[in-house]
Amino acid sequence: MSRGPELIITEKDNAARRIADILSGESATTERQNDVNVYKWGGKRCIGLSGHVVGVDFPAEYNDWRDVEPVELIDAPVTKEPTQEGIVAALRKLARNASRVVIATDYDREGELIGKEAYELVREVNEDAPIDRVRFSSITDNEVNEAFANPDELDFDLAAAGEARQVIDLTWGAALTRFLSLSARQLGDDFISVGRVQGPTLKLIVDREREIQAFDPEAYWELYGNLTKSGGDPFEARYFYLNDDGNEAERVWDGDVAEVLTEALAAAGEAVVDDVRRRTRTDEPPTPFNTTAFIRAAGSLGYSAQRAMSLAEDLYTAGYVTYPRTDNTVYPEDLDPRELIEELSAASTFGKDAKSLLDADREIEPTEGDEETTDHPPIHPTGELPSASDLSEDEWEVYELIVRRFLATCAEPATWERLRVVALANGEATAIAERADGLAALRNPDEASGPGDLVADGGLRLKANGKRLLEAGYHDVYPYRSSDERIVPDVAVGETLALTDRRTDAKETQPPRRYGQSRLIEEMEKRGVGTKATRHRTLEKLYDRNYIESDPPRPTRLAEAVVEAAEEFAQHVVSEEMTAQLERDMQAIAAGEKGYDEVTEASRELLDRVFDDLTESREAVGDHLQKSLKADKTLGPCPECGEDLLVRKSRQGSYFVGCDGYPDCEHTLPLPSTGKPLILDETCEDHDLRHVKMLAGRKTFVHGCPQCKADEADEQEDEVIGACPECGEEHGGELAIKRLRSGSRLVGCTRYPDCDYSLPLPRRGEIEVTDESCEEHDLPHLRVHSGDEPWELGCPICNYREFTARQEGSELQTVEGIGEKTAEKLQDAGVDGVDDLKSVDPDDLAADVDGVGADTVRDWQAKAD
DNA sequence: GCAAGGTC
């Protein structure tokens, strides 16, 4: 047995560093081995993996999609190959002469599998060193020391459960993906994918769209009025009646009845208070952040799921917050909330709020959610405080959200006082309203009791609900939840209130709303589909595959066709039941009740049966998919030949409109060069072509009908405004305002294409050439009429200069850690762009810019490379 | 080039 060092293996570098710090008492040093950090102290080495460093795949002879029948993948062998060569090589080198190995990967099923992967890599080069497993749920002194003092063994059953998942996901995903792609002849970048997680997620979206399509709106009416206590402010009250079940209802479903009620309400000038109910309600503080709750909260601040996770990841790697991928909603035992709050109270922004929690002389007992897991703590600040210049604005906003969420979980509940007032609109209203009762009864001849009770003895029922915040509690530290009050004054039963501003709103029932990104992630979590680390990526994948577009996501025809095909032939892969079944099987494997072979074999048999039906219908499935693919690209009939006009992508990657009859018909139309086209439902009346919107993040705009845009450009004459600065003197070229067929406008030389001098113009608004002119460039000032107020563009050359200056500012913001304000400061200091930033002396720049240190500049320079 | 799951 070798007497070499002891090797500790963790799931990620970050964990390796912290564990090394804890076990070494901060004395560990760092070495690089194959570009991987190795922490070293005494007789010990610690290395972090990067999640899975080996992956499952089919042998190379299965690589060609056209050569291999998809069905063959079902029983094809599955191999495990290193996917992170550097880490695997470093691990082998360290393992070779290790005297003992300790696996310290995350404490969950996937961590056990990653541990087993490490185990096998170690065993390849070292047959006899003992290999232990330690488990801890948060990287703190206590937990880590305790875990290392009580090492355990690797749980091979649990790891096998994970391996079964890998193989089942691969065979189903690869076989079905290849089948669909081949049947529709979609090879290359635009293949058609399905899988255990994509499938049900896509079906969720498609099903909701089906509900929306099938929705039949129904008309209803609602009546309102304002009530006023003498000398007080008016408050809104709403008409209600009692339906057949005796429950309160506000919507009136019959137009004639609504009309009579409106008349009755109009006839009443006052209302008498009939009932006053007051109660206090406790509003519990929120529970700790797990990944899903965090994504949702960040979503309400305007961040996409993807963006929120990437910001949290940045904050985690910088050491300001804990690990952002967690299901846990219960803080671990050894988190001392008071201590953490004390650390946070040193911060300038939320420090006062943190302190306010300490001032109250009380036990701090954080809230707990329903889910308690062993892998990581809920997301919370670490207590290491960034200064504002360490973070970009987005990072800061998300950091503050995480801090305030933590503070909120340690804060007191809020208390609301609820006040409900019911008043009866009296007088002749009753007489009129009784007519409505009669009317409604006529309409419901089958029901002995009529439609319910539209009018009370004393008149029409009006109700108002007020709420007042008695104790703000956690709202003081967590401003992201509404604490708006609705004031209804104190009134007494029998009191008469003035009734004014009566109105009746005609409304329609609305179809269900599309799921937004965070809602989809919540629904996935509820159904057990995907994991905390993958759900947001699955959505991203659906966008990439052209299954969904826009936000909230809306399914394409292709997505509908894929779901339809799967529903018919492979129901399993679009149902959440596949995951549920797999989860049961994995638990059985982990418990030793079932074997890996048994479970994977049963899954292969099921997939075999799916392919029995599927293979027969290959052509029909392919046809349907191809038709849908085309429908997603179709704008309408070609004005030249009547075939379909399609949105296409040129070899250079830009989009244009071309005829499906090509090469017989060569009709084309340009599209704007910025963004990705989205075809809208709206159709051009003149050309019967659907309108196009260009998706380009914040610069998204509606292009409209591409034929109209081209026609407008053809009709408009160029307006000359001066001499061309490039070729005016030599060749007499002139600058003119031009409208391009793609819809954009520019100031360009009349000698184009011999001279390609050009300046950009805004996309929107009419452009007016004013009498004022620029002395420097001898060009007229331009004015743009868009919206309510015209705005001055000025000299087009000066304008372009300012524009590029701003561009350089925003270019600086592409460097991680530079926000809008920092970019401005840097520009003031003479840094004009990223290239400039890279060449500047860090110390000089730090001296020029407030709040920026030389190290920060070096950090930016490294990131800019 | 396919999946889903880790991590960056």
Side-chain angles (χ1 to χ4, degrees), chain A residues 10-16 35-37 48-58 60 62-68 70 72-74 76 78 80 83-84 86-87 105-118 159 161-182 186-202 291 309-318 323-326 375-376 524 528-542 544-545 570 573 578-579 582-583 586 603 607 816 863:
Chain A
T10 69
E11 189 154 323
K12 41 191 170 277
D13 174 59
N14 218 305
D35 242 17
V36 184
N37 287 334
L49 307 176
S50 182
H52 292 286
V53 293
V54 298
V56 289
D57 205 349
F58 299 111
Y62 291 87
N63 278 354
D64 193 326
W65 290 32
R66 276 159 305 194
D67 267 9
V68 181
E72 289 177 45
L73 294 177
I74 301 174
V78 173
K80 247 188 211 187
T83 50
Q84 303 271 358
I87 296 175
T105 48
D106 290 354
Y107 186 7
D108 56 16
R109 184 171 52 219
E110 216 59 26
E112 209 66 21
L113 175 53
I114 291 166
K116 189 199 167 195
E117 288 160 7
E163 287 176 310
R165 179 199 60 71
Q166 287 186 317
V167 168
I168 290 169
D169 281 341
L170 178 66
T171 45
W172 280 75
L176 287 171
T177 296
R178 285 198 196 179
F179 180 89
L180 292 181
S181 304
L182 284 162
Q186 286 283 298
L187 300 178
D189 286 346
D190 292 326
F191 62 86
I192 300 171
S193 66
V194 275
R196 174 176 57 84
V197 174
Q198 288 179 45
T201 307
L202 196 56
T291 301
M309 283 312 286
S310 142
L311 290 165
E313 178 78 39
D314 290 345
L315 293 168
Y316 158 70
T317 0
Y323 194 64
R325 292 181 278 270
T326 177
D375 51 354
H376 300 281
M524 292 170 77
V529 169
T531 72
K532 66 227 169 186
T534 60
R535 290 186 193 112
H536 64 280
R537 276 182 5 209
T538 300
L539 291 190
E540 205 60 15
K541 194 175 266 180
L542 297 182
D544 284 350
R545 302 280 151 85
V573 85
M578 180 168 179
T579 296
L582 181 61
E583 195 57 45
M586 284 196 289
S603 176
L607 185 54
E816 208 186 306
K863 282 176 177 156

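Per chain, numbering begins at 1; letters A, B, ... match sequence-line order.
Evaluation of the side chain to side chain contact (heavy atoms under 4.5 Å, CB included) rule for A/V36 yields A/I47, A/I87, A/A90 as partners, not counting sequence neighbours. Judged as a side chain to side chain contact (heavy atoms under 4.5 Å, CB included), and not counting sequence neighbours, the contacts of A/D64 are A/R66, A/D67.
Using a 4.0 Å heavy-atom cutoff across all strands shown, A/R109 reaches no nucleic acid atom at all. Among the atoms of the strands shown, none is found under 4.0 Å from any heavy atom of A/V53. Contact annotation for A/W65: base contact, defined as any heavy-atom pair under 4.0 Å involving a base atom. Counting any heavy atom pair closer than 4.0 Å across all strands shown, A/E11 reaches sugar-phosphate atoms only and no base atom. Looking at heavy-atom distances under 4.0 Å, A/S50 makes contact with a base. Residue A/D57 is classed as a base contact, given a heavy-atom separation below 4.0 Å to a base. Among the heavy atoms of the strands lying under 4.0 Å from A/L187 is at least one base atom, whether or not backbone atoms are also near. Using a 4.0 Å heavy-atom criterion, one finds that A/N63 contacts the bases of the nucleic acid, with or without backbone contacts as well. Among the protein residues, A/G188 comes within range of the nucleic acid bases, having at least one heavy atom under 4.0 Å from a base atom.
Nearer to the 5' terminus of DNA chain B, by closest-nucleotide assignment, is the contact made by A/R66 (compared with the other of A/R66 and A/T538). The residue among A/W172 and A/H376 whose nearest nucleotide of DNA chain B lies closer to the 5′ end is A/W172.
Closest to the side chain of A/R325, out of B/dA3, B/dG5, B/dC8, is B/dC8. With distances taken from any side-chain atom of A/R196 to the nucleotides B/dG1, B/dA3, B/dG5, the minimum falls on B/dG5. Side-chain proximity of A/K532 to B/dG1, B/dG6, B/dG5: nearest is B/dG6. Relative to the side chain of A/A533, the nucleotides B/dG6, B/dC8, B/dC2 differ in distance, and B/dG6 lies closest. In the set B/dG5, B/dA3, B/dC2, B/dG5 carries the atom at the smallest distance from any side-chain atom of A/R165. Between B/dG5, B/dA3, B/dC8, one nucleotide has an atom nearer to the side chain of A/K12 than all others, and that is B/dC8.
In this structure, A/L539 atom CG and B/dA3 atom P are separated by 15 Å, rounded to whole Å. Summarising the geometry, the separation between CG on A/L582 and P on B/dA4 is reported as 12 Å, rounded to the nearest angstrom. Separating the CD atom of A/E112 from the P atom of B/dG5 is a distance of 18 Å, rounded to the nearest angstrom. One atom, CD of A/E540, and another, C1' of B/dG5, lie 17 Å apart when rounded to the nearest Å. The CD1-C1' distance, from A/I114 to B/dG5, rounds to 8 Å in whole Å. Rounded to an integer number of Å, the gap from CG of A/D169 to C1' of B/dC2 is 12 Å. Put simply, CG on A/L73 is 15 Å from P on B/dA4, counting in whole angstrom units. Atom-to-atom, CZ of A/R535 to C1' of B/dA3 comes out at 16 Å; the value is rounded to the nearest Å.
A sub-4.0 Å separation between OP1 or OP2 of B/dC8 and a side-chain N or O of A/T317 is absent. For the pair A/T534 and B/dG5, the criterion of a side-chain N or O lying under 4.0 Å from OP1 or OP2 is met. Between A/Q198 and B/dA4 there is a side-chain N or O to OP1 or OP2 distance below 4.0 Å.
Between the side chain of A/R178 and the backbone N or O of A/W65, no donor-acceptor pair lies under 3.5 Å. A/T177 places a side-chain N or O within 3.5 Å of a backbone atom of A/V194 that can act as its donor or acceptor partner.
Residues A/V197 and A/G530 share a closest heavy-atom pair of CG2-N, 3.8 Å. The two residues A/R325 and A/T291 have their closest heavy-atom pair at CA-OG1, 3.3 Å.
Annotation: the span from A/E117 atom CD to A/K80 atom NZ amounts to 5.0 Å, rounded to 0.5 Å.
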